[in-house]
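One structure below.
Computed from a predicted model, the values in this text were never measured in an experiment. Counting convention: from 1, in listed order, for ligands and their atoms alike.
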Amino acid sequence: MLNKWEGIILKSMPYGESNKIVTLYTREAGKMTAMARGAKKPASRLAAVTQTFTYGYYLLRSGRGMGTLEQGEPIDSMRHIREDLEATAYASYIVELIDRLTEDHGQGPNVFGLLYEALHAINEQYDPEAIALFVEWKMLPVAGVHPVLHQCANCGATEGEFAFSFQEIGFLCHRCFQIDPYLVRITPTQLRLIRTFFTVPIQQVGSLNLKKPTKQFMKKIVRTIYDEQVGVRLKSRSFLDQLERTPELLPQKEKPEEQGE
Ligand SMILES: [Zn+2]
């Protein structure tokens, strides 16, 4: 059976002399894996469209076992992501996270939409760190974690002072603070921010312009949840951590019109 899917390449691995095995996330049918024959050869018409992050239409032949990628028609090669080290690092983290948390043929348009919006925003040069952080929060339910953020996770109260509890995976009100000795005290601003990350569309988060300590706080919470509840270890995360510890590795960003004169 031959199908045309709208998809994004999550992963592309060399296979044998000249082939690639690609993992793509499609809008219509979720994640799938396919053999792209000849795609390793630079002259192949499949070479460019099978690069990680590429967004396009893909013609897939499926049968028993792994499908075959017959043709690809790029819509967006995500050029900025490919050319900017920081953008590449965060986008790699996003595609690896989504790949690890989803099964072939599972999920569907919601995850595709999130993946597309995130890569598109990074490609449009929104803060890649904030976008990756947003994806981490949004993928929690896909990972089977449903944080309680609209009320106290223990008594259901919606008013009072709140803290974040990793034990309850959600907010606890001051009346319930005693049930978790390790809770994290948060300010009302931080509470609103956590809710925002969990509920608003990505375009709004992209334009929030978050300060470094804010991002670090949000990251600490969501990564602790992943470490304790989900237990995925991502290869791209150690590179990202290294990059964050040594920002001087990143080239200084200048606007093109400021150069040369
Ligand atoms: Zn309570």
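The set of protein atoms (N, O or S) found at less than 2.8 Å from the Zn ion (ligand 1) reads Cys152 SG, Cys155 SG, Cys173 SG, Cys176 SG, by chain and number.
Considering all non-hydrogen atoms of both residues, Phe197 and Ala130 come closest at CE2-O, 4.0 Å.
Contact check on Lys212 versus Glu129 returns a salt bridge, with a Lys/Arg side-chain nitrogen under 4.0 Å from an Asp/Glu carboxylate oxygen.
No hydrogens or angles considered: nothing links the side chains of Arg192 and Thr187 as a donor-acceptor pair under 3.5 Å. For the residue pair Tyr93 / Glu136, a side-chain donor-acceptor distance below 3.5 Å is found, with atom types taken as modelled. Side-chain N/O atoms of Glu6 and Tyr55 include a donor and acceptor closer than 3.5 Å. A donor atom on one side chain and an acceptor atom on the other are not found under 3.5 Å apart for Lys40 and Ser18.
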